[in-house]
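All values below come from the heavy atoms of this structure, side chains included, with hydrogens, waters and symmetry mates left out. To find a chain, count down the sequence lines: A is the first, B the second, and so on, and within it residues start at 1.
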Protein chains: 2
Amino acid sequence: MEETPESTPRKRISESTIHRLSLYFRALSLLEKENYETVSSKELAKREKLTPAQVRKDLSFFGSFGTRGLGYPVTELKARVSRILGIDRVWRVALIGIGNIGSALVSYKEFIKQGFHIVKLFDNDQRKIGSNHKGIIVSDIKNLKTELHEDNIEMVVIAVPATVAQYIVDDVVEANIKAILNFAPINLKVPPDVHVRNENMAMELEYLSFAMVNNHMPKGAGKN
Amino acid sequence: MEETPESTPRKRISESTIHRLSLYFRALSLLEKENYETVSSKELAKREKLTPAQVRKDLSFFGSFGTRGLGYPVTELKARVSRILGIDRVWRVALIGIGNIGSALVSYKEFIKQGFHIVKLFDNDQRKIGSNHKGIIVSDIKNLKTELHEDNIEMVVIAVPATVAQYIVDDVVEANIKAILNFAPINLKVPPDVHVRNENMAMELEYLSFAMVNNHMPKGAGKN
DNA sequence: ATCTACATGTGAAATGCTTCACAATAGGTG
DNA sequence: CACCTATTGTGAAGCATTTCACATGTAGAT
């Protein structure tokens with residue numbers, strides 16, 4: 001049979017597909033631990049509450065990784081998915097804002113597991129600057145631009161209050177960073193070539209609230 | 001002109017619309033602080049990087065809140081959106097797992113602001129049980145079921161390791177809780193009438209990673 | 001060698017979501 | 001009052017995503 005290497009696809013891949021790739025990755029990691037050699041789209045779908053057709057279609061955007069009658073080879077597919085997601089490498093990440101959220105993220109295991117290494121911390125609070133968090137010394141945010149550059153940072157996580165987030169992002173953008181994960185509940189303005197993803201933890205609680213007061217049935221209810 | 005009270009709509013509201021309601025709410029809160037009396041769909045859209053048509057369509061699912069030629073009354077629309085989302089009230093929330101993430105969430109301001117009151121904490125670690133976090137004493141997870149019930153908890157936030165999350169959720173479900181926000185990177189199995197929303201912070205970094213290695217243009221790039 | 005069971009990969013259909021475009025209408029101006 | 005500008009609310013069109021359904025292919029059993 002022919003090798004089909006995963007490749008950058010011609011068509012634009014949807015946001016949902018990319019998010020599902022993350023789900024496949026985590027399911028495959030587990031399957032690998034459980035010593036599965038192959039897995040069907042059906043099983044993969046069941047584990048992440050998706051449909052088999054969706055799993056197959058998602059994967060098919062990137063190549064043809066399975067064997068008819070058998071399914072997908074777990075270890076190999078995991079490697080391919082991690083390659084597609086770009087997490088088959090280490091990313092150098094800086095974290096700005098060592099408050100509640102920031103402190104939690106420094107020790108967040110899932111980041112490390114997936115190659116996101118927080119190697120730099122920034123804050124503006126004199127009591128925090130110079131202190132040590134998990135082996136990293138907190139830098140003064142005044143030196144943001146120069147230090148981001150000197151340390152070859154590729155991604156930045158913003159965990160500062162909404163009121164100052166935009167000013168900080170402006171500096172981050174000037175430091176030529178192209179990927180920002182934002183925890184501040186505000187819409188950041190950046191140039192068109194900078195990627196921003198927002199993490200808004202209250203939003204999902206609001207969704208639950210909405211669902212409760214509107215008897216919104218959970219997705220997939222009544223399918224089993 | 002006629003009053004159009006917001007009402008539970010006939011059609012199923014999409015997940016994206018609900019999430020955008022959260023964005024409208026936060027934009028309106030800001031506009032209110034800035035003493036705007038009215039706001040157009042155009043301005044609202046600009047502030048949250050959406051399109052005016054989308055704003056109008058989203059709102060129209062719930063009623064007719066604006067005035068042609070003028071826009072929407074800020075304070076009133078905010079009140080209506082918060083009512084639609086069910087955040088015009090207090091929700092009694094329990095938080096399970098007082099690790100990195102859990103500790104951060106106890107002090108997370110956005111929750112309180114929107115009516116999500118964490119009134120109960122649980123952990124299984126003897127060193128943590130009995131300790132005081134922001135005025136709340138950590139309970140033993142052994143008493144989960146009874147205490148959730150006795151304290152009229154309506155929502156639960158799960159911030160425990162993935163390996164034990166399912167066991168805990170089983171108890172939560174038995175305690176008749178219908179809304180769960182899950183921070184563990186695992187797909188929780190629950191009965192069809194229980195709402196689960198997942199918060200996976202690594203997922204958004206993976207998206208950024210994908211975007212970077214695939215020169216995936218940011219959404220909306222080239223529109224300005 | 002043939003048959004059966006299983007499962008992928010994929011066009012095409014179905015469904016869902018977003019954007020368009022315009023009638024309706026409010027408010028201001030002369 | 002007539003007119004002009006601004007902006008909503010909404011069917012309908014356009015576009016995107018999901019699901020269907022089946023041809024294709026593999027492995028194992030007899």
Enumerate all atom pairs, one protein N or O and one N or O from nucleotides 14-17 of chain D, separated by less than 3.5 Å.
none

Got a list of side-chain donor-acceptor pairs under 3.5 Å for residues 95-102 of chain B, not counting sequence neighbours?
none

Partners of [X] by side-chain contact (heavy atoms from CB on, under 4.5 Å), sequence neighbours excluded?
X      : value
B/V119 : B/R92, B/H117, B/I153
A/S41  : A/P52, A/V55, A/R56, A/Y72
B/I18  : A/Y207, A/F210, A/H216, B/I13, B/L85
B/T75  : B/E32

Inter- and intrachain pairs under salt bridge (charged side-chain N to carboxylate O under 4.0 Å, His left out), touching residues 152-164 of chain B, at least two apart: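 Residue pairs with at least one partner in residues 152-164 of chain B: B/R89-B/E154.
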Summary of side-chain hydrogen bond (donor to acceptor under 3.5 Å, both in side chains) pairs that have at least one residue in residues 155-168 of chain A, sequence neighbours excluded: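 Found A/Q166-A/D170.
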Considering only nitrogen or oxygen atoms on both sides, find all protein atoms under 3.5 Å from nucleotides 6-9 of chain C and state each distance.
from	atom 1	to	atom 2	distance (Å)
C/dA7	O4'	A/G69	N	3.0
C/dT8	OP1	A/S41	N	2.7
C/dT8	OP2	A/S41	OG	2.6
C/dT8	O2	A/R68	NH1	2.9
C/dG9	OP1	A/S64	OG	2.8
C/dG9	OP1	A/F65	N	3.2
C/dG9	OP1	A/G66	N	2.9
C/dG9	OP2	A/Y72	OH	2.9
C/dG9	O4'	A/R68	NH2	3.0
C/dG9	N7	A/R56	NE	2.7
C/dG9	O6	A/R56	NH2	3.0

Rounded interatomic separation in angstrom, taking [atom1] from [X] and [atom2] from [N]:
X     : N      : atom1 : atom2 : result
A/D58 : D/dT19 : CG    : C1'   : 12 Å
B/L44 : D/dT7  : CG    : P     : 13 Å
B/K57 : D/dA13 : NZ    : C1'   : 11 Å
B/H19 : C/dT18 : NE2   : C1'   : 18 Å

Gap between atom CZ of A/F25 and atom NZ of A/K113 - 0.5 Å precision: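 Going from NZ on A/K113 over to CZ on A/F25, the span is 9.5 Å.
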